[in-house]
There are 2 protein chains.
Amino acid sequence: MKVTKEQAEQNRLALLEAAAQLFKQHGVDGVGVADICRLAGLTHGALYKHFSDKQDLAAQAFSHAFNVGHARASGAQAGRAPTLERYLRNYLSPRVRDDPADGCPLVATACETGRQGEGLSQSFAAGFLALRDGLAATLATDGPTGDRQALASVYVAALVGAMALSRGVAKADPVLADEVLAQVHAVLGAWPAAATDGE
Amino acid sequence: MKVTKEQAEQNRLALLEAAAQLFKQHGVDGVGVADICRLAGLTHGALYKHFSDKQDLAAQAFSHAFNVGHARASGAQAGRAPTLERYLRNYLSPRVRDDPADGCPLVATACETGRQGEGLSQSFAAGFLALRDGLAATLATDGPTGDRQALASVYVAALVGAMALSRGVAKADPVLADEVLAQVHAVLGAWPAAATDGE
DNA sequence: TGTACATCAGTGAACGCGCGTTCACTGATGTAC
DNA sequence: TGTACATCAGTGAACGCGCGTTCACTGATGTAC
């Protein structure tokens with residue numbers, strides 16, 4: 001049965017939301033399209049009216065999730081740029097570690113993006129650049145190499161890596177998992193680059 | 001048909017090697033047990049004479065791959081401890097990025113370990129601790145928080161994160177992928193903690 | 001050393017199941033007149 | 001505004017396929033005598 005344009009667009013968004021949540025929780029390879037459609041309240045056939053295939057859905061869901069999260073994180077009060085401390089708190093929280101669906105898609109899909117299609121890689125690269133730029137703007141000084149962008153790359157890498165490591169060890173050693181997040185938070189917040197940070 | 005004890009042990013190692021290689025390339029969820037057994041030169045039934053299930057194989061293959069790689073990286077000449085620069089070169093090389101089978105299992109499975117069983121998480125945690133200790137021993141000074149272990153955690157997180165990010169953007173933007181590795185290499189090698197490094 | 005036989009690593013057919021994708025069909029929407 | 005009808009988002013059965021695991025069987029190994 002046909003459906004109003006507004007309803008169709010709403011269904012498309014529901015598919016994106018459901019896909020983003022499940023992909024972040026279980027990985028692209030760990031979720032079936034039927035699960036996604038069920039969570040969105042549709043049957044699996046409908047998916048192919050909005051997306052060409054699972055890879056296309058993954059790429060668009062990544063962009064959607066990143067943009068939503070980025071807007072929420074960096075613009076609670078519009079125009080007020082977030083501080084470095086705010087980035088560290090958002091990224092390195094144990095709550096987010098234990099609930100990947102709430103976290104950044106950059107962390108959730110970092111290791112498997114290389115194994116997926118080029119579309120997802122493009123969304124991933126755009127997300128990385130946006131996060132790196134956002135972080136660079138919060139840094140008080142240039143890094144040891146006199147290159148603020150390079151320093152921001154290190155910060156993004158450390159944030160993503162710390163969360164991935166924390167999640168990886170969590171089942172075997174929850175104490176270590178918390179320790180890693182706390183250590184990286186403390187060190188990244190205390191570097192000279194952050195010393196003159198306003199907050 | 002039965003087989004000599006030596007042959008059986010050799011087959012077990014072949015399964016571990018094949019599993020490590022394929023898991024690193026395609027992820028645990030991205031490889032079938034039949035593929036692993038085929039690469040090891042056996043049929044899929046044989047696997048269950050050596051490992052209780054796929055999760056058990058994943059956990060043991062991780063430990064095997066990590067120990068082999070760690071020994072090779074840190075002990076080419078036995079007793080000679082590797083320098084920080086050596087760690088950076090090993091971990092952040094574009095060659096390893098393009099051939100995950102040759103790389104560290106910590107990077108390859110970081111993001112998906114949280115979704116797998118507790119056995120893999122235990123192997124993963126042991127690998128993380130070993131790498132963190134190895135790196136801590138190469139650092140010339142404590143970090144800004146006066147805690148050398150915390151600084152080593154940041155280094156491991158940055159190495160793992162940088163490689164994951166580089167692999168993620170590689171398909172969409174190969175130049176950016178190389179840039180990230182070079183930037184992280186430069187910054188981590190130039191921190192005060194590395195300033196008095198011997199090499 | 002020679003023989004009889006229990007052991008068990010490896011084989012390959014079979015299991016039930018879920019995968020991604022296709023497609024003929026449905027029927028409310030939205031448009032042309 | 002009222003009517004006829006083309007559009008197309010959504011449905012659900014069906015496709016071929018590969019998944020992880022089980023199990024009856026094979027036959028060389030390795031041991032007990």
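When reading the values below, keep in mind they use all heavy atoms of this one structure, side chains included, and skip hydrogens, waters and symmetry mates. Just so it is clear: chains get the letters A, B, ... in the order the sequence lines come, proteins before strands, and each one is counted from 1. Note that the structure is a prediction, hence the values are computed from the model and not measured.
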Consecutive-pair stems (at least three Watson-Crick or G-U pairs, under 3.5 Å) that include DNA chain D: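 Only these stems qualify: C:2-33 with D:2-33.
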
Once you apply a heavy-atom cut-off of 4.0 Å, does [X] come out as touching a base, just sugar-phosphate, or nothing?
{"X": "B:D35", "result": "sugar-phosphate"}
{"X": "B:G32", "result": "sugar-phosphate"}
{"X": "A:H44", "result": "base"}

So which nucleotide from [options] ends up closest to the side chain of [X]?
{"X": "B:A8", "options": "C:dG10, C:dT29, D:dG30", "answer": "C:dG10"}
{"X": "B:V33", "options": "C:dA9, D:dT21, C:dT11", "answer": "D:dT21"}
{"X": "B:K2", "options": "C:dT7, C:dG10, C:dA28", "answer": "C:dT7"}
{"X": "A:L42", "options": "D:dG27, C:dT11, D:dT11", "answer": "D:dT11"}

Plane angle bin for A:W191 and B:W191 - parallel if under 30°, tilted between 30 and 60°, otherwise perpendicular: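 Correct class here is parallel.
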
For [X] and [N], what is the distance between atoms [atom1] and [atom2] respectively, to the nearest whole Å?
{"X": "B:Q55", "N": "D:dT21", "atom1": "CD", "atom2": "P", "value": "8 Å"}
{"X": "A:D29", "N": "C:dG18", "atom1": "CG", "atom2": "C1'", "value": "14 Å"}
{"X": "B:D53", "N": "D:dT21", "atom1": "CG", "atom2": "P", "value": "5 Å"}
{"X": "A:Y48", "N": "C:dG20", "atom1": "OH", "atom2": "P", "value": "7 Å"}
{"X": "A:E9", "N": "C:dG30", "atom1": "CD", "atom2": "P", "value": "14 Å"}
{"X": "B:I36", "N": "D:dC19", "atom1": "CD1", "atom2": "C1'", "value": "12 Å"}
{"X": "B:E6", "N": "C:dA9", "atom1": "CD", "atom2": "P", "value": "13 Å"}

Heavy-atom donor-acceptor pair, A:K54 side-chain to C:dG20 base, under 3.5 Å: no

Which residue lies more 5' along DNA chain C, comparing A:V3 with B:N11 via nearest heavy atoms: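 Looking at DNA chain C, the more 5' nearest nucleotide goes with B:N11.
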
Lys/Arg N to Asp/Glu carboxylate O, A:E9 vs A:K5, below 4.0 Å: no

Heavy-atom side-chain contact between B:K54 and B:F23 under 4.5 Å: yes

Under 3.5 Å donor-acceptor pairs involving side-chain atoms of residues 169-181 of chain A, not counting sequence neighbours:
{"from": "A:K171", "atom 1": "NZ", "to": "B:G114", "atom 2": "O", "distance (Å)": "3.2"}
{"from": "A:K171", "atom 1": "NZ", "to": "B:Q116", "atom 2": "O", "distance (Å)": "2.5"}
{"from": "A:D173", "atom 1": "OD1", "to": "A:V175", "atom 2": "N", "distance (Å)": "3.4"}
{"from": "A:D173", "atom 1": "OD1", "to": "A:L176", "atom 2": "N", "distance (Å)": "3.0"}
{"from": "A:D178", "atom 1": "OD1", "to": "A:R97", "atom 2": "NH1", "distance (Å)": "3.0"}
{"from": "A:D178", "atom 1": "OD1", "to": "A:R97", "atom 2": "NH2", "distance (Å)": "3.1"}
{"from": "A:E179", "atom 1": "OE2", "to": "B:R132", "atom 2": "NH1", "distance (Å)": "3.1"}
{"from": "A:E179", "atom 1": "OE2", "to": "B:R132", "atom 2": "NH2", "distance (Å)": "3.3"}

